[in-house]
A.B. asks: 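The structure's right below; bear with me while I get my questions together.
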Amino acid sequence: HYFNYDVNRNIQKIIDPIPNSSSISFCVVDPFKVKNLHFNTIVEISNNLRSDFLILIPTVMDIGRNEHNYSKEDSVYLDNFLGTVDWREQWSNQNNKTGKNFWIFVTNYFISRMNEIGYIHYAHEPVNKPGTKVTKYHLVFFSKNPLGKKFFVSSIKGTDNQQKLD
């Protein structure tokens, strides 16, 4: 199925057509920036489906570049992305507050939030700008079952690097 909806506002329209059986769904979450994903959307999927997740965390391409915007008191984007405002106090207690440390902090906080709802993070891969060592974002795989790791590792084993579009 293809849905042209804001997933955060229409999650039930997306969940309803998916059979809720003993099978496991694989959910690829690909937000362009943190404002495109609310943590509560992940919780809704988790509550309604047995699902593993591959989540793009826009670390450098968004979080690192926009720390000055996201850390403002009136900005709700990271509050929604992390599903809580509690991150603010923890970040304010950090000693070394720089862009790189900010996206690392947000990524680790997101992983801890996934742990709180029963997910284990098994893979954490940086994705670089093609032809460079410049990281753009991170792909993080989550599952509630250790078999998820086995399936994920076997599915990427032997894959080639992404092909260029010519």
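In this text, all values refer to a predicted model and were calculated from it rather than measured experimentally.
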A.B. asks: Has K33 got its NZ or CZ under 6.0 Å from the middle of the six-membered ring of Y77, at an angle within 45 degrees of the ring axis?
C.D. replies: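 No, a cation-pi geometry is absent between K33 and Y77.
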
A.B. asks: Of all heavy-atom pairs between P31 and L37, which one has the smallest distance, and what is that distance?
C.D. replies: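 Closest approach of P31 to L37, heavy atoms only: CB-CB, 4.1 Å.
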
A.B. asks: Any link between L147 and I24 through a network of hydrophobic side chains (Ile, Leu, Val, Met, Phe, Trp, Tyr) touching at under 4.5 Å?
C.D. replies: no

A.B. asks: So F32 and M61, side-chain contact (heavy atoms from CB on, under 4.5 Å) or not? Walk me through it.
C.D. replies: CA-CA 9 Å; F32 181 68; M61 68 185 217; 4.3 Å; yes

A.B. asks: For a 4.5 angstrom cut-off between non-hydrogen side-chain atoms, does F39 reach T84?
C.D. replies: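 With C-beta onward as the side chain, the pair stays apart.
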
A.B. asks: Report yes if the side chains of V134 and N128 come closer than 4.5 Å at any heavy-atom pair, otherwise no.
C.D. replies: no

A.B. asks: Could you give the distance from CD1 (I45) to CD (Q12), rounded to the nearest 0.5 Å?
C.D. replies: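 Going from the CD1 atom of I45 to the CD atom of Q12 covers 10.0 Å.
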
A.B. asks: State the CG-CD1 distance between D6 and I11, to the nearest 0.5 angstrom.
C.D. replies: 10.0 Å

A.B. asks: Measure the CG-CG distance between N10 and D16 for me, rounded to the nearest 0.5 Å.
C.D. replies: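 Between atom CG of N10 and atom CG of D16 there are 11.0 Å.
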
A.B. asks: Where is the tightest heavy-atom contact between H38 and N8, given as atom of each residue plus distance?
C.D. replies: N-OD1, 2.9 Å

A.B. asks: Over 60° means perpendicular and under 30° means parallel, so classify the ring planes of F142 and H121, tilted if in between.
C.D. replies: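 The rings of H121 and F142 sit tilted, inter-plane angle from 30° to 60°.
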
A.B. asks: Using ring centroids (six-membered ring only for Trp), state whether F152 and Y122 fall under 6.0 Å.
C.D. replies: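 Between F152 and Y122, which both carry aromatic rings, the centre distance is not below 6.0 Å.
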
A.B. asks: Given side chains that start at C-beta, do those of S143 and F151 come closer than 4.5 Å, heavy atoms only?
C.D. replies: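 No; the side chains remain at least 4.5 Å from each other.
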
A.B. asks: What distance separates I18 CD1 from S51 OG, expressed to the nearest 0.5 Å?
C.D. replies: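 With rounding to 0.5 Å, CD1 (I18) is 8.0 Å from OG (S51).
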
A.B. asks: Counting neighbours of NZ on K149 that are heavy atoms of other residues, nucleotides or ligands and sit closer than 6.0 Å, is the number greater than 12?
C.D. replies: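 Count not over threshold, so no.
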
A.B. asks: Taking the side chain as everything from C-beta on, heavy atoms only, tell me whether I55 gets closer than 4.5 Å to F110.
C.D. replies: yes

A.B. asks: Mind checking whether Y137 and W103 have side chains closer than 4.5 Å, heavy atoms only?
C.D. replies: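 Of all side-chain heavy-atom pairs linking W103 with Y137, none is under 4.5 Å.
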
A.B. asks: Check H124 against T107 and note the closest heavy-atom contact, atom names and distance.
C.D. replies: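 Nearest pair, atom of H124 first, then T107: CE1-CG2, 3.3 Å.
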
A.B. asks: Which pair of heavy atoms, one from D52 and one from G148, lies closest together, and at what distance?
C.D. replies: OD2-CA, 3.8 Å

A.B. asks: What closest approach, in Å, do L82 and R113 show between heavy atoms, and which atom pair accounts for it?
C.D. replies: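 L82 and R113 have their closest heavy atoms at O-NE, 2.7 Å.
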
A.B. asks: At their closest point, which heavy atom of S75 faces which heavy atom of Y70, and how far apart are they?
C.D. replies: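 Shortest heavy-atom contact: OG-CA, 3.8 Å.
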
A.B. asks: Can Q94 and F102 be said to form a side-chain contact (heavy atoms from CB on, under 4.5 Å), step by step?
C.D. replies: CA-CA 9 Å; Q94 296 287 317; F102 187 64; over 6 Å; no

A.B. asks: To the nearest 0.5 Å, tell me how far N80 CG sits from N40 CG.
C.D. replies: 7.5 Å

A.B. asks: For F26, I'd like to know if atom CZ has over 12 heavy atoms of other residues, nucleotides or ligands within 6.0 Å.
C.D. replies: yes

A.B. asks: Taking a hydrophobic cluster as the set of Ile, Leu, Val, Met, Phe, Trp and Tyr residues connected by side-chain heavy atoms closer than 4.5 Å, whether directly or through intermediates, do V43 and V85 fall within one such cluster?
C.D. replies: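 No, because V43 and V85 fall into different hydrophobic clusters, even though each may have its own neighbours under 4.5 Å.
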
A.B. asks: Once rounded to the nearest 0.5 Å, what's the spacing between atom CG of D74 and atom CG of N69?
C.D. replies: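 Result: 9.5 Å between the selected atoms.
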
A.B. asks: What do you reckon, are the aromatic ring centroids of Y109 and W87 less than 6.0 Å apart?
C.D. replies: no

A.B. asks: Side chains of I57 and F81, heavy atoms from C-beta outward: is any pair under 4.5 Å?
C.D. replies: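 In contact.
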
A.B. asks: Tell me, yes or no, whether the heavy-atom count around E89 atom CD, taken from other residues, nucleotides or ligands under 6.0 Å, exceeds 12.
C.D. replies: no

A.B. asks: Check for me, please, whether I117 and V29 land in the same ILVMFWY cluster - side-chain distances under 4.5 Å, paths through other members count.
C.D. replies: yes

A.B. asks: Can any side-chain N or O of S71 pair as donor or acceptor with the backbone N or O of E67 at less than 3.5 Å?
C.D. replies: yes

A.B. asks: Less than 4.5 Å apart, any side-chain heavy atom of N66 and any of K35?
C.D. replies: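 Not in contact.
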
